[in-house]
Amino acid sequence: MLQDIETPIERLVTVLERDPSMVLRILRLVNSSFFGLKNRVSSLRHAITLLGYGTVQSAVVTISVIDALTLKNAFKGFDITTFWSHAIGVAVMCRHLADRTRLALAEEAFTAGLVHDIGKVVLINSFPDRFSAILERIQTDRITFFAAEQALDSWPHTRIGSHLAKRWMLPEMLEKSIQGHHHAVHRADTPPVAGLVRVADILVNLMEGRVGYQLDTDTLPPAIKAPMVALLKDSAAWFPALRSEIDHATQFFKQG
Ligand SMILES: [Fe+2]
Ligand SMILES: [Fe+2]
């Protein structure tokens, strides 16, 4: 319903209100620094009018994904706060890249960034031994998560995540961008947003000081290469503000 701009707001409110805890949490989320609004929002209708369907969809997907993917296992060197900080960092970065390049809708890009690594949570919950082995490999070889998965000949989190997205019947754009967010070469049916997620993921990983990441713009899909190179050229002008926006947005999750 949120994907269809023709959906009347009354219908949306009626459906969402069947789940009071969802309503409360949407309001809590939209009032948090996550969305950076100046005035308080106290009704669902107001939230939808103010934020638009795209943002409310982001909020609903965010809340549902968090609910569904609570970590069952604790790992040394990996905690859920770090995981969500990364996800939000990539979401905010992605929204910015989409906004500036006009290669995708800003809110779609935000949601795509937010869920890009959901496959990792499946790994932690269902294949903890495999996950431990990947973490170990990252340490010993000083490589990225994706490279470690490949070195171990393991099913990558991109594939696991896109499988999950398909089963949950999430929009195809999300499924495809989860699937393609580490691939340099994109298939014809890969949406531009996947390329944005890839760039945002590398930039945020570099920001977080992780080893093995580097951005080689020559490997970007042709459609996004030129606008991306132009945008990165003046990154000194926008990066500091974006960085503080990311820090601000992650506060919501650090508060629990
Ligand atoms: Fe990833
Ligand atoms: Fe990532």
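In each ligand, atom 1 is the first atom listed, and ligand 1 is the first ligand listed. No experiment lies behind these values; they were computed from the predicted model shown.
Taking the N/O/S atoms of D117 in turn, the shortest distance to the Fe ion (ligand 1) belongs to OD1. D201 contributes atom OD1 as its closest N/O/S atom to the Fe ion (ligand 2).
Checking V197, L203, L196 one by one against V199, the side-chain contact (heavy atoms from CB on, under 4.5 Å) holds for a single residue, L203.
In summary, H116 places no N/O/S atom under 2.8 Å from the Fe ion (ligand 1), failing the contact criterion. The Fe ion (ligand 2) has an N, O or S atom of H86 closer than 2.8 Å.
Environment of CD in E136: sparse, with no more than 12 heavy atoms of neighbouring residues, nucleotides or ligands closer than 6.0 Å.
With salt bridges taken as basic N to acidic carboxylate O contacts below 4.0 Å, one links K120 and D117. A salt bridge links R45 to E10: one of the charged nitrogens lies within less than 4.0 Å of a carboxylate oxygen.
Relative ring orientation between H96 and W238 is described as tilted, the plane-to-plane angle lying within the 30° to 60° band.
Vertex the Fe ion (ligand 1); arms to H182 NE2 and H181 NE2; angle rounded to 10 degrees, 80°.
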